[in-house]
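Reading through the structure tokens given below for one structure.
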Amino acid sequence: MSATTPIRASPTSSDAPSSDAASSDATPATTGGRRTERGVAALHAIWPPLLVGVLAMLGWELVVTVFNIQKFLVPKPSAIGSAFGESFPQIVVGVGKTGWVAISGLLIGVVLAVLLALVCTRFAVLATVLTPLAAALAATPIVALAPVFFKWFGQVEPTAKQAVVVAVVLFPVFVSTSKGLLQVQPVHLELMRTYGVGGWRVLREVRVPNALPYFLTSLKVAVSLSVIAAIVAEYFGGEQGTLGGIITQSAGLSRYDRAWAAVLAAALLGMTLYAVVLLLERLLLRGQPPTRAHP
């Protein structure tokens, strides 16, 4: 008789602990930890400016009260807040009209600036011609441009105010985007030449990704300039009910608290546009390593 050898059952995948299961068990804790870290980082980023803002408002209120500063010089923050609440419907309408001019002019100026930067990158001769012209346009004061544009495009339509915004935002976006398109690592260009790639494909795959941080940085500056340019242009004419119109009308009637309320609305508009650009930057640069070069 032959002896039978006992057969031992080998451990199957169902008996052995699964690495996928272990990783899936750790995933919720890891995700929760990351969310907590992001929340703490966001809190640390938000509370310092909020604290400084609150202390500044309290100091402003205290100084005006103690030294009995007249409201036509500097009104109290509490008076500005009351005027903001009383004139809220008119301020909302003003934000809509001024915001439309600022945003539309900003978009037109950004598109023109990017197109000019792309053309100048492709044809270096044009850069020597267009860059000084853009610099001269940027050096021209808004108060000099606005009356001329109103004479060209008329007082009623918002075209003149949009042209002022375009002229103001064109230069910073054009210069920064051009810099990002041109300051590419030589090794990247050499690698593309090795693969026999050139022309627009190099622009699309190498230069444009390199210029994206530069463009977004200039866009942060341009959004603030667009609101300033729109309000300054509104001082010279245009339809009624804009933020610039509310400021000039209220100041003329010695309603300085209402004028400052419109200024507060303009500041909130600029901060909102800036926050949108920050969100856009986070979405577009997600997963990219931080760049050391800045415009």
Quiz item: Is any NZ, NE, NH1 or NH2 atom of the basic residue among Lys97 and Glu234 found under 4.0 Å from an Asp or Glu carboxylate oxygen of the other?
Solution: no
Practice problem: Walk me through it: do Trp260 and Asp257 pass the test side-chain contact (heavy atoms from CB on, under 4.5 Å)? | Solution: CA-CA 5 Å; Trp260 277 88; Asp257 52 351; 5.8 Å; no
Nearest 0.5 Å please: distance from the [atom1] atom of [X] over to the [atom2] atom of [Y].
X      : Y      : atom1 : atom2 : answer
Tyr235 : Ile142 : OH    : CD1   : 10.5 Å
Tyr274 : Leu269 : OH    : CG    : 15.0 Å
Phe174 : Cys120 : CZ    : SG    : 4.0 Å
Arg207 : Gln183 : CZ    : CD    : 11.0 Å
Leu170 : Leu130 : CG    : CG    : 9.5 Å
Thr242 : Ile231 : OG1   : CD1   : 8.5 Å

I want to check something: taking the side chain as every heavy atom from C-beta on, are [X] and [Y] in contact at a cut-off of under 4.5 Å?
X      : Y      : result
Val110 : Phe215 : yes
Lys161 : Phe150 : yes
Leu285 : Leu216 : yes
Met57  : Lys76  : no
Lys179 : Leu182 : no

Quiz item: For Trp60, does the CH2 atom sit with more than 12 other heavy atoms under 6.0 Å from it, leaving out its own atoms?
Solution: yes
Checking the side chain of [X] only, and the main-chain atoms of [Y] only, is there a donor and an acceptor separated by less than 3.5 Å?
X      : Y      : value
Thr248 : Gly245 : yes
Glu61  : Ser78  : yes
Ser87  : Phe84  : no

Following the transitive rule for hydrophobic clusters with a side-chain heavy-atom cut-off under 4.5 Å over Ile, Leu, Val, Met, Phe, Trp and Tyr, establish whether [X] and [Y] coincide in one cluster.
X      : Y      : value
Val175 : Val119 : yes
Leu273 : Leu283 : no
Met271 : Ile80  : no
Phe67  : Val74  : yes
Trp100 : Val276 : no

Practice problem: Report the C-alpha distance between Val164 and Val232 in whole Å, list the side-chain angles of each, state the deciding distance to 0.1 Å, and finish with yes or no for side-chain contact (heavy atoms from CB on, under 4.5 Å). | Solution: CA-CA 9 Å; Val164 173; Val232 173; over 6 Å; no
Self-check item: Val168, Val173, Leu106, Val165 screened by side chain to side chain contact (heavy atoms under 4.5 Å, CB included) with Leu225, the one that passes
Solution: Val168
Self-check item: Option passing side chain to side chain contact (heavy atoms under 4.5 Å, CB included) with Val114 (candidates Leu118, Val111, Leu116)
Solution: Leu118
Exercise. I would like to know whether Glu157 and Gln162 meet side-chain contact (heavy atoms from CB on, under 4.5 Å); could you show each step before the answer?
Key: CA-CA 10 Å; Glu157 297 297 328; Gln162 291 169 333; over 6 Å; no
Which pair of non-hydrogen atoms, one from [X] and one from [Y], has the smallest distance, and what is that distance?
X      : Y      : value
Ala265 : Leu243 : CB-CD2, 4.1 Å
Val101 : Ala230 : CG1-CB, 4.0 Å
Pro75  : Tyr256 : CG-O, 4.1 Å
Ala233 : Ala146 : CA-CB, 4.4 Å
Ala211 : Gly180 : CB-C, 3.5 Å
Ile246 : Ala262 : CG2-CB, 3.8 Å

Quiz item: Which is it for Glu281 and Lys220 under the salt bridge (Lys or Arg N to Asp or Glu O under 4.0 Å) test, yes or no, and what are the steps along the way?
Solution: CA-CA 10 Å; Glu281 181 182 40; Lys220 295 176 188 177; 3.0 Å; yes
Quiz item: Hydrophobic cluster mates of Leu58, side-chain heavy atoms under 4.5 angstrom, ILVMFWY only, any path?
Solution: Val54
Quiz item: side-chain contact (heavy atoms from CB on, under 4.5 Å) between Asn210 and Leu181: does it pass, once the steps are laid out?
Solution: CA-CA 7 Å; Asn210 185 76; Leu181 290 171; over 6 Å; no
Exercise. Answer with yes or no whether the side chains of Ser250 and Arg255 bring together a donor and an acceptor at under 3.5 Å.
Key: no
